[in-house]
Each structure stands twice: as structure tokens, then as C-alpha cells.
Amino acid sequence: MNVSGLVVTLCGDPDRAERAAAAVAAAGPFTLGPRLGSRLTVALEAADDRAGAEWFDWLGRVDGVVKADVAFVHFDPGEEVDHA
Amino acid sequence: MPELNRREFVRSSALAAALALAQRQEAEGADVPPPRTELPVISGAKWHKAPCRFCGTGCHVQVAVKDKKVVAVAGDRQADVNKGMLCVKGYHVGQILYGKDRLTTPLLRKKGELVPIKWEEAIDLIAQRILKAPARFAFYGSGQWTVTEGYAVNKFMKAGLSNNNVEPNARLCMASAVTGYVSTFGVDEPYNCYDDLDHADVVILWGNNPAEMHPVLFSRLIDRRMRKEKVTLIDLCTRRTRTSEQADHVMVMQPQGDLAIANCIAYQLVHDGAYDKAFVEKHCNFRGDAKPRTLLGKPITFEEYKKALADYTPEKASKLSGLSVKELKLLGELFADRKKKILSLWCMGMNQHTQGTAINNLVHAVHLLSGHFGKPGDGPQSLTGQPSACGTVRETGTLCHALPGDLKVEDPEHRKKAEELWNVPAGRINDKIGHHTVLMWEKFCTPTDKGGDLDTVWVQVTNPGQSLPNLNKLFRAKKDLADKFLIVSDVYPTATTELADLVLPSSLWVEKRGVYGNSERRTQQWFEMVPPPGEARDDCWQTIAVAHRLLELKHPGMKDKDGHFLFRMTDDRKQEVEVWKWENYYGKVNVDERLYEEYRQFTKIKHKDVAPYSVLVNERGLRWPVVEDDGKWKETRYRFVEGHDPFVKKGTGLQFYHSVTKDDKALIWFRPWIAPPEMPDRDYPLWLDTGRVLEHWHTGTMTMRVPQLRRAMPRAYVEVSRDDASELGVRTGDLVKVQTRRGELTLPAWVDGRGKCPKGHLFIPFFDESLLCNLLTLEAHCPFSKQPDYKKCAARLSKVSPRRKE
Amino acid sequence: MRDAPPPSERPQPDATALAPGVVRRYAFVTVVLVLAVVLVGFLRGVREPPPISRSTGPTVAAPSEVPTAVRYAEMPEAPLWPSRQPSTLSSLRYETPDPFAKVIRTEEMKLQALADRLRNRAYDGAPPAIPHGVDQTSAANCLACHEKGAMVGDRLAARVSHPHYPNCLQCHVETARPELGGDPAVSVASLFEGAGRSGPGLRAGPGAPPAIPHTTWFRQDCQSCHGLLARAGLRTTHPWLTNCTQCHAPSAELDQVAFPEVRP
């Protein structure tokens, strides 16, 4: 399990921004939070780290998405947290 | 905590954190450009070897190709020249293919505008234009032509059109080195190689700044210091550069002072009896100027030589050169010391010189006279600025007086040999030397009724609209001449395409196959790796296509003695392959290999045997002569030297087997100091020097499109000395105007900039197409090499406005 | 201010020269991340102690205020440290990371770090550009900061990853040239897409140490990117083990030990 909190920055063109927001909402692992102007907050829940990274990459490829910033990451056992 | 609730909680924590960040971002307003998170990976890329596209050093790079694109570059560890190192240009060489404004379709000027046309139309247009007046046509190419591109043009012009108006931009770059070698040793090109850098005790840089111009070679030298080896660097310069910072002795001379310095060294060697008598007796003859002066001069005796040098005592030479008597004596004593290995290096400082041939002769002379010659690390060596100035221009002879293999058009024997190898009828090759570069452009820019006897020029792989001297006269004057037609094959819009009537989009570097030859006689081969963009096509195909169109139009020169097309190529079943059709060009035959192997026959005439193509494929270049010995192809590090050069007779030690005097001896020249044609005076009180910077290569067509390089050096500037700057109240960043008798230029000043000029001296780099320093330079050139002097003219400086407010 | 360049050609700041706003944002993300981990860890029953929170250190001078070296020509008159530039590197407290502190590294952090690396590189393997002005060009000047590497707050002076050569500026050039007033008139539009990372290091199986995915040529010193003074997303989780290639295998192909020739 990998849960992250992301800020998705949408582009300036309202049509494309709406389509992008809709596409993110329609994709399985995202839960949409409040939106501040062009900034959309989302939670991403993925099966594991790799899937999380893939969804993160996917976000970057959505037309109308300028970027996504990571604000929060939750790791579950078996993930890449190393012990000293 | 139940799983569901826990997930709920984590999700809301995630959203809360995201909201907090979003609020923070919102409050801060401006966004930083997003970091790229989706990164193409190198794994899975295919790596191929290629020589670097830029200077004459001839580094090899490894190019990573993925999805038909170059995605990374690495220094080639198997390459002898660079041993895995590169300079900043080399690391970014892959990006030159991807500037956004690549030319992708042929363009014809109609009513002042360049409009797209079809390739067939473009090729036909050129052929018709040539057919109308073959003698009024000229080809202007470059030291960046691949060997086969240059060879094909030379054959097309000299064996096809019987027209010797073929010139390269290398005329502006290393012509004086050629005349220097030819008049000293009877044959062109350095006898030695970069291995000298690993062995020399002392290196003298004659007006040369390798820290910026040949960084990999410079590092190869100074890195030895890291291994605790002692390398003494003597920088003879007219301004301090990055090279000076590493030098043990920085000797700042007056422009043209090099002639006096070399003669003064010779004076001291002779006067003190410190010259190498045994070496001179065995291997050298003396030579001096004839009246009138000629390239080969006349024989003189040792006594005459000694007498001529009398004007160059350290005291007298000090006045001419600006060096102190002490510095001159240091140099004299150095050459008198036979135990030290001395390497002289030079590039544009000695070549772009109105006495370019003379100073080349003199530097060879001090080495021959002192016996500092022929041993690893001990000798004179010229460096070149373009990747194939040697391989293409000098070896395939794309000069108005030359034929492939260092043959000359005026020599009936040479013409005969070339006609035989080309299988064309006797008399096909014109015996009259064509127009050299400066003259070619002067004729093209002169109205036809006023003696301008060229009306069509085809430019390939170079940018004369920026690199010619005195641009107003030699290039821009074309603008108002309706009957002149300029054809330009290039990869990007340039200062030259601005005035072009027809623009052809070309393939670049690893978009095509090629062979280059670097400045230590190393022939290097590579294959195409990525497709050219749009309809861009190889320069060599363009030449062959025009030749074939001329054949169709019944130009008799396009056939050989047997009635075959000049560029006939057949497949395994002896069927002719229509290589003039683009779809066949990379088909059944390797056109590059065929042309190269045909050319290779020429190289055997003057013992410049290049390696077979099939051998080069697996090498990081080989230094000619490459001769088969015991089933292996062996390169030659030192020509004329017994034990290295397979053509040297046993027991001679050193044999100059192409010597001018036909006695296996080299010539020790005396050439006098002669004042430069323009010197600072009351109206134009400053010296103006022009040149290059580390980040950009020549006219910047390629490097100005590489973000990393352009950001590091975005525009031209004029270096002003601290003294001149404070006199004029000029500070770094202020706009100043530089004027000469030929033009003016307003640009930012850089006080003690990249280099540091002495008082009374300015420097402008020439890479910036928006700030053309060649509007200012002088077209005066060496009488023998015809190479112009970009390093010295008279200028004045005035302040225009203070720096733009920060 | 000089004319602002369009965003596409604005020099991209590196972690070593982050604008103050960026520093704040990154620091903020770090703090949020750390807090989140602490929080989640607590809720999950505290599986491991919280990692040491990195302080942002002393106030870091904005790039324009970073002391510039004295020009040669001015050296005779110049004070050792010009008074208008009181903040010198030597007066800053370097952080000395604890090698035994826990290292937290996620895929996201790694990607962030790789993307950050690419801000001043054309592709993975290209020499990084210099995000600060350079007045003195000798290797000694470069090595003053880059020999061992230094980190102040979020500003990182990376340790040199390869043997030292005298001519640093042969490969590393500046990201801007403010001396010449203003930006290039023509944009540097490039369609080049460099390989941003060499690729994930392949593992023989789960838990096996990954192979080195990039060349080690000119990247011999693993500490430069993976050591204690490095981007968080690239740091090794076991800095006390220093013989890296004992477990992580280099690539013969990328190291050019074996290169297949592609054509006959």
C-alpha cells in the first residue's frame, strides 16, 4: 500500500484544466480533495511503491496537467524504508 | 484500528497535507518550473562510436541512440586522442541535431521570401544554372565536409566541369600551415602527433589558447602535472587567456611580434654557436626570399642566413616584439638546451596572419636549427580548428590549386595521374588555378559588368556570411546584385542563408555516414545512427544528384572515358545502382565506402596511404600512412622518422622524402619581420583581435542552439583592458561602439573578461550571428596562403550607454 | 532587474542554488513529509523511531549575495574578504550528518532527486553546469567547496565524483552570464530529450543489491551522489558500508569495457 497526498497544478486553459480534473477523478486510485484555483489536491492510493510511481508518472502525462507535487507519502510494511 | 478506518485516516491525512501545500503554493504565487518526473532511461539505448562534430582535435564520442534519437553522449574510452575525456562542447554534441529551427525542406527565394519547393525542382534549378555558365560557377565548402563529401565535390568540379573554383572555409583557418609545411618539407601536414603532449618537457604556445580551443589536448598536457611530471608551459600571447593561467611564463607580445621572436631565437642559436650542426648538415638546406617573394624562395648559404639574422639581436627584437630582452634570451637558451624536449603548438595566431606562411616557416626553422625535431615530444606541430580540415580539405584537395592526394592542378604530371584515376579524357582537368576564397567572394560580390566573373556559388557545410572577413565587401554586397545566385546547403538558418536564393536542408553528423581526418593525420569513420529531420538529405547526395541531372541535360563532363556517369556505382551483379535517387542512397551500396576507396588510390601517390574503409570501421581512427605489415594495418605516429615511418630508408634516421630540394632535406627559412598592413594610428588607436571561446564552436550555428552552451555564453562582447576602460569610463556590461575603417558594431564591454587584453588591445569573439565582428575585420591576407588576418586591425572604441539596469 | 526570460529558457536552479522561495517550499515538503511519517508511524504503533529532522541551518545568502572571488587584477588591493560580503562560506556552519541516522528514501524522493539532478544537466552523464558565478578558474578554487562536498540547509555543493583535474571549466560551464547584461535575444529552443536517468538498477531478485545502472567512468566516487552530503532521494541507506562495488555491480557496457560493434 502506498498513499500519497499530491498537489496537481492544472494549466491556464479552463477547458483543458476541466478535462484534466475529470480524467484524474475518473482514474481509479485518486480521491479528489479541495481545489484552490489551478491547484487540485488529491490522494493517491496505489498497491505498492512502483504502482504509485507509475500513477504519478501518468499524472504528468495527462493533457492539462502542468505538474504534480508530492506533499505526503505513507509507506506500508515491505516498502523501501531501511533500518539503521 | 480496522483496516478501512485506517485507510480513511491516511487518505484524509494525505489530502490535508496536499491542501496545506496547495495553500502555501497559492500564497507564494509564482511557480518554479516543474521538475521532470518522467525521465527517459538510458538502458536499452544502443551505443555507437563517432568522432566529435566540432574541432580538429578529433575526440571520439560514444553516442546513445534510443527510439531513433540521440539521448546521451559519453567520451570514448577506447579512443587514443581523448581516452574517455571530452570538453563541454563534446558532451553536448548530441543536442546540435535538435534545435527547433532545423531546415527540413528546400526553400527558394521568390519575391524576397524563402518558400518551400520540391527536391526535384531544387536539383534541376542548380543543374540548369550551372549548365548555362559552368565556368561562372563556384563551390564553397568546408573543413567540416566529410572526406567523401569533399572528394565528390572535387571530382564533380575538376573532373566533371573542368572548373577549379572549389574552395573551403579552411582557407580562413589553416592555409598558412599548409604553405608552411609545403615550403619547409615539400609536402603537407604535421609529421608528428598528439603523443608529443605526453612526452614534451617544455611546450611553447605560439599565439594559441588550447585551454579553450583544444581543451582535451590541453588537459592531456597539464594533467601530467597531477602525476607529478614537470611540464613547463610558455605562453607567447597578445592577450592573457585561460591558457596563460596555467603557464609558467606568460610573454605578452605585440601583434606580429612572433616573426621577430622566432628570428631572434635563430639569431641566438647561430650567434652563440648553439645550433645543432650535425643535424643541420645532415638534414637541412637554407632558404630565403627571392625577389619578388615566392612561396618557395631561393636557396641561400649559411653565411647569407647568418647575415640576415643580424637584425634580430635580442635588443632589436625586443623593440619589434614587445618582449623583454630577458624573455627573448630565455627562449634562446631554451632552444640551445638539447636535453629538453620542446614542443611548439600553434593554431589561428600564426595561421590567420598576413605573414602566415613566413611565421610557419620560422617556427619550423628554429626547431630544425636547434635539432629539436623528430623525437617524441620534441618538434613543431600545428593544430587545426575543424574536424576534417586535414582529412577533407588538405587530403582530398578541395582547394582552387589542388587535386586529391596533395597533387596540384598546375602540374601536368599530377593532372595526368588524376585523370587516369578518374578515368576521364586527357585534358579534362583545367590547368589554371581557380579563385581563392577572398577572391572568390570578391568576384561573386562584384557586378558582372565590372569583372565579377562568378555568378553562382554553392555553399555547403559552412557559414561565410559570418566567417568571411570584411563582410560588407565580401558578402553583403551580393544583396543588390540581381544576377547573382547563392545556393546554401545547411542545417539551420544562418547569416549566409539570409542572402541565399536557394536553401537546401542537410543531414548533420550522425544522421549520415562519414569519414573525418583530424589534425594528427588520423582518419576516422562513423555510420548513420538517426534519420535526418523532414526532408533533409546528405550533402554528398545533393552533389551527386546535381551531377546526374547535368548528365541528363547532356553536360559532356559528367561522363568518364567509357561513357559512364562520373559517380557510377554498381552492385554485386554489376548492375548500376541509381544512387542519385535518395531512396537508393542508403541502399545496396555503401556510397561512402565506394567514394572513400576510390579516393584512397590517390593517397598512395605521396605516401599518405589512408587505411581501408573496412579497417577503419573497427578503429577509433588510424594515423596515415597506414601500411599493411604481416597481415596487420599499422599506423604511423611519426612521419619521416626511421623506425616509425615505413617509407623511410634504413640508416637515414630522418628522411624528408618529398623535400623541395629533392635531396631528402628540409628547409631552414629566413623570412623577415614585415609590418602588418594596418596598425593603430591617431584615428583608430587600438588593436582589434577576434577569435573563439570555449563554449561555442566557430559561427555558433550548432552550439548557440545548445541551451547549456548558450546560457554559459549567450552573446558576443568586447574585451577591454582595465586601463582603457577607466580612461573611457567604461564598466563591464556597458554598451560600447567598436569602429574600424570597414564597419562598426555596438556590443557590451567586458573589462578584463574571459581573457585579459593589455592596454590598447580589444578582443571580440566571432560566434554571435547577431553581433558580427567580421563587419570590422580586414581582408588583407598572406601572399602565399591567401589566408586573411583576423587577429590584427586598427579600431576605436566609444561608450554608447551604461549597462541596462539590473 | 534585467528582462525576465521566458520560463522555458530561464536557467533552472539546481539544489545547490535554490531561490529562497524554492528552499522554503522544499523545506516545507520535507517537513510535511517528516511529520506525516511521524504521524503515520505513531498511529501504526511506532515501528521505528522518527528520523532526525534536519534543521534548515543558518540563513543562507541568496545567490546574488554569495561572496564572489576576487578578480586577479584586483587582488593586490583587495582585502582578503571584502567587507561588503561579510558572509563567507567559512562562517557558515556545515551540517555534519550522522551516518547512523535512519535514511528514508521513497520512489518519489528518488524521482524528485533525479529530476533535480537533471535541472542543470542535459542528460544523465553530462557534466553538470555551474549554478553560480566563477571568477577564478583554478582547480584549487573549485575544490575549496567541492573536494569534500558541503551542505548548508538545502544548498548542496556536490563533492566531485571523479579524480581531480586542473581544468574544471573544460567540462563545467556557468548557467548564466550576467556580466554581459541580459539574456540571449533568441530563445534556445531545443527538441533534445536527454536520457534523464540511466535506468533502474537491476536486481537478481527481491532483496538483492541492485546493479549500478549508470557508468562509473567519471563517477568513480559513489559518495558524490549517494553519500551523506547528497540529495535525500539518492542517499545510500547504509553509508557505513564504503566498498560499494563489492555488492553493486558496474555495467560493462556503460563502462565501455565491452562494446559490441553494431555493424560488420
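For clarity, every value in this text was computed on a predicted model and none was experimentally measured. Protein chains get the first letters and strands the later ones, always in sequence-line order, with residue 1 at the start of each.
Only the backbone of A:Leu6 comes within contact range of chain B, with at least one heavy atom under 4.5 Å from a heavy atom of that chain. Heavy atoms closer than 4.5 Å to chain B are found in the backbone of A:Ser4, but not in its side chain.
B:Glu113 CD: 12 or fewer foreign heavy atoms inside a 6.0 Å radius.
Of all the heavy atoms in A:Thr31 and B:Arg11, the pair that sits closest is OG1-CD, 3.4 Å.
Rounded to the nearest 0.5 Å, atoms CG (A:Leu44) and CG (B:Leu15) are 10.5 Å apart.
By the 4.5 Å heavy-atom criterion applied to side chains, B:Leu19 and A:Leu36 are counted as neighbours.
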